[in-house]
Amino acid sequence: MHTEFLMGNEAIALGALAAGVNVVSGYPGTPSTEVLETVARRKTDDVYVEWSINEKAAMEVAAGAAYSGARAMVTMKQVGLNVASDPLMSLEYIGVKGGLVVMVADDPGPISSQTEQDTRTFAQFSKLPIFDPSSVQEAYEMVQEAFELSERLGTPVFFRATTRVDHGYESTLVKDTSEWLRNCPEGFVKDPGRWVIFPRLSVVNHAKIESRNAELSDEFSDYQRNFVVPEAGDCRAADGRRVGVATHGINYAYVRENLDEANHVRLMRVATPFPFPERKAVEFLESLDEVLCVEELDPVIERALISVCGKYHLDVRIRGKLTGDIAPSGENSVESVGAAMAAFMGEDAPEAPAPTDAPTLPVRPPVLCAGCPHRASFYAVKCAMKGRKTIYCGDIGCYTLGNAAPLDMVDTCLCMGAGINIAQGVFHVEPDTACFAFVGDSTFFASGITGTINAFYNQANMTLVVLDNSTTAMTGHQPHPGTGRTMMGQVVEKVSIEAILRAIGLTCVETVDPLDHKLAVETVRRVADEPGVKAIIFKSPCVVLAKPQARSVVDPDKCVGCQRCVKQLGCPGLVPRDGKVVIDDSLCTGCTLCEQVCPFGAISGGERL
Amino acid sequence: MSIKTNIILCGVGGQGTILASKLIAKAAMSRGIPVKTAETIGMAQRGGSVFSHVRVGEDIASPLMARGTADLIIAFEPAEAVRQLAFLKPGGRVVVSARPVVPVSAMTGGPAYDYEGVMSYLRKQVGEGLVVVDADQAAADLGSAKCLNVVLLGAAARSGALGLTEADLLDAIHERLPEKLWALNERALAYVG
């Protein structure tokens, strides 16, 4: 054993490796991405790891490996679980041979997501056991226990953490490589009665799952990580009520921060919200009058305790999100939990800081980087379609940031790949609108291909714009089929987006450098007027990866201070100063877009890649 | 006696706050003190407001601290210092780079950047505890703008509020950074303007 300063996601990866995982697959998504990246960095040679094209593919790869007796893990963010839900819901009925851990990162807040969905609720829906760690150290240990349970019961299990555990860092005690388990898979053993899903098999297995989960609830009541901390001192509320707090995940840390070690309420920490440790809960509720459930996302523990009270005729009032004691949405914090606990105890709320005369601060949302080719792509389409009736359907990736002023080029954004068929849907209602769908290269591979086929087959009239920067930029530059690299380090044949589009049947597919502004605008004008589904591939590498060395400079004698560059492009490298514009050379990449936009030829020195 | 120190690092995505928090953590762990941190990772790294909570000491449950409990704020940007100021405990210290980073939003219709208002508010609220670092001068003197994070760490160590010495941080720099960057960062750590 040794100590390392680890991110939660790194600890989860090392825990899986210590448990002898053989195969790890996933699709990147904040806050889950570093799990698979750490597996790739720290694994031994016999472990297989891949970035799959989407979460459904990743789930199926992991399932096949687990059918063959391998220990497998599949990683994704919470919205990725929606993509993987089709194979997973059926896989629960079939089961696995080797342990299969479905690692899902939930995002209260949400900080980097479309939804605040709760994988604990998904666990109830899919009838799969779930583990919910409270700290980095616990995540490391618990993922090993998850593998053990999965393999013993022959079922996939969820391991979910939230952002503050995934992206928290801790000094963590971990095993040396020599202490890792070695799992030698037996291989796939043919058995049609086991591996082929039919209605007759499903009804039999459904019954087995329900009885297994009832037994597991009992087993989880003795699981050391579902525990009750007895009250210390006089645990009563101000009005004499006997009270307790039930919590989970990082909220356990927030509750602890608000506890007086010598005098505090009874506490229950739930590490396996499904199957719910019912017997442990009854023990916790014994002789209490009221319980406050401190949770993020869904009121899972709150509903479970209400159900336990009904089932066992316990006269305990359960409070939390459903009673308005805890915020229904968003992330909790040390002070929000402290305020809720104080109110619950009937104590005065902590004093709110006195209002101050703070200056109005500038808002600082994330922006497209200086030199980002997406800015040039959006600007080209905007210039080309000026005065026309248009809709710009966006998608998931860095390019969602094209919605901000001054570009204002994202009218819709829903989920991975959705923009293509949303544009199609708008076309069927408004045939006179020029419908555009913007999709990134990784998103195109993940879920854009089927949508394009649908639009083509169903006779839509729309323009598909693929923003190809040859990487998965938003999540930290993961390889994908178009990059010609795999996570195992192989150099492989690149999958061509243009060839895919032509194979579907599109006859108008143009590839152009968006940073050649004049040519880009002309191309958009020409292509948008073609009939049917047509495509423009704007190809230029992500500047964070390519690191261009050129820099543009403004000639102060030529700059008249019109700020056209600033107001048209919104590039963070362009800074108004003393009535003119200067270029921040710590940000500039010399992309030349501003040089092409300046009506006075005042900017020069850049160089297109 | 056990030391407990709460530190917030804040700035604009891309400025190097995460590396600075890693150096603090490494330095503390080398002295055998446990560390918990929480970082902004994801979309905000693209030029948005970012912050890290760094908590050094025994028996700390949460990686995030409560408002009014930070011993020290190390701000890479003045407006971001104001944004995090509610976390500072009474009498806490703020080490701030004087160089503003004006967001695109302030030039395209969003709220303007009132630099004088920001700086005078910091002076009024933090008083004696405020340490202002002239980042432009430091970059000119050191010949690089890339080591602002280490310049700020040096100033924080000398303020006494970091609970770590320059020597502790130097060890962390040697462990964490490639040898070719040592000389520059050693000068940055000792830089006093």
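Letters go in sequence order (proteins before strands), and every chain restarts at 1.
- Around the CZ atom of A:R551, the shell of radius 6.0 Å holds more than 12 heavy atoms that belong to other residues, nucleotides or ligands.
- Atom NZ of A:K580 has more than 12 neighbouring heavy atoms from other residues, nucleotides or ligands inside a 6.0 Å radius.
- Residue contact with chain B, scored on non-hydrogen atoms closer than 4.5 Å, is absent for A:Q137.
- When A:P572, A:A370, A:A405, A:A358 are compared by the number of non-hydrogen pairs under 4.5 Å with chain B, A:A358 comes out ahead.
- Surrounding CZ of A:R577 are at most 12 heavy atoms belonging to other residues, nucleotides or ligands under 6.0 Å away.
- Using a 4.0 Å cut-off between charged side-chain N and carboxylate O, B:R55 and A:E170 make no salt bridge.
- Only the side chain of A:L401 comes within less than 4.5 Å of a heavy atom in chain B; its backbone stays farther off.
- When heavy atoms are compared at a cutoff of 4.5 Å, B:K26 does not approach chain A at all.
- Residues that satisfy the salt bridge (charged side-chain N to carboxylate O under 4.0 Å, His left out) test with A:R364, not counting sequence neighbours, are B:E77, B:E80.
- Counting heavy-atom pairs closer than 4.5 Å to chain B, the top residue among A:R164, A:H167, A:M7, A:R256 is A:H167.
- With A:E335 contributing its side chain and B:R67 its backbone, the two residues share a donor-acceptor pair below 3.5 Å.
- The environment of CG in A:D260 is crowded: more than 12 heavy-atom neighbours from other residues, nucleotides or ligands sit within 6.0 Å.
- Neither the backbone nor the side chain of B:A145 comes within contact range of chain A, judged by heavy atoms closer than 4.5 Å.
- Among A:S134, A:A253, A:C372, A:P406, the residue with the largest count of heavy-atom pairs under 4.5 Å with chain B is A:A253.
- Between chain A and the residues B:G13, B:A25, B:S21, the most heavy-atom pairs under 4.5 angstrom are made by B:A25.
- Both the backbone and the side chain of A:L361 come within less than 4.5 Å of a heavy atom of chain B.
- Among the candidates A:T475, A:V367, A:T3, the residue making the largest number of heavy-atom pairs closer than 4.5 Å to chain B is A:V367.
- Although no hydrogens or angles enter the test, the distance criterion places no donor-acceptor pair under 3.5 Å between the side chain of B:S62 and the main chain of A:Y254.
- Of all the heavy atoms in A:F5 and B:T37, the pair that sits closest is CZ-CG2, 3.7 Å.
- Considering every non-hydrogen atom in both B:V104 and A:G570, the closest pair reads CG2-O, 3.3 Å.
- Comparing B:V101, B:V102, B:D114 by how many heavy-atom pairs each has under 4.5 Å with chain A, the most go to B:V101.
- Interface check for chain B: of the options A:T30, A:T360, A:V363, the most heavy-atom pairs under 4.5 Å are formed by A:V363.
- With a 4.5 angstrom heavy-atom cutoff, A:N258 does not touch chain B via any of its atoms.
- Partners of A:R269 by salt bridge (charged side-chain N to carboxylate O under 4.0 Å, His left out), not counting sequence neighbours, listed by chain and number: A:E138.
- Going from atom CG of B:L148 over to atom OG of A:S586 covers 10.5 Å, rounded to the nearest 0.5 Å.
- In plain terms, the two heavy atoms of A:P362 and B:R83 that are nearest each other are O-NH2, 2.8 Å.
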### Task
For the pair A:L574 and B:M107, evaluate side-chain contact (heavy atoms from CB on, under 4.5 Å) and give the outcome as yes or no after the intermediate values.
CA-CA 10 Å; A:L574 295 165; B:M107 307 169 218; 6.0 Å; no

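- Proximity to chain B (any heavy atom under 4.5 Å) is restricted, for A:S112, to the side chain, taken from C-beta onward.
- Of the listed residues (B:V82, B:L85, B:V35), the greatest number of heavy-atom pairs within a distance under 4.5 Å of chain A belongs to B:V35.
- Contact check for A:I250 versus B:P63: side-chain heavy atoms found under the 4.5 Å cut-off.
- Atoms OG1 and CG, on B:T108 and A:L407 in that order, are 9.5 Å from each other to the nearest 0.5 Å.
- Neither the backbone nor the side chain of A:P31 comes within less than 4.5 Å of any heavy atom of chain B.
- Residue A:Q563 does not touch chain B at all, counting heavy-atom pairs closer than 4.5 Å.
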### Message
Please determine whether side-chain contact (heavy atoms from CB on, under 4.5 Å) holds for the pair A:Y169 and B:K36, giving the CA-CA distance in whole Å, both sets of side-chain angles, and the decisive distance to 0.1 Å.
### Response
CA-CA 5 Å; A:Y169 278 82; B:K36 288 194 176 182; over 6 Å; no

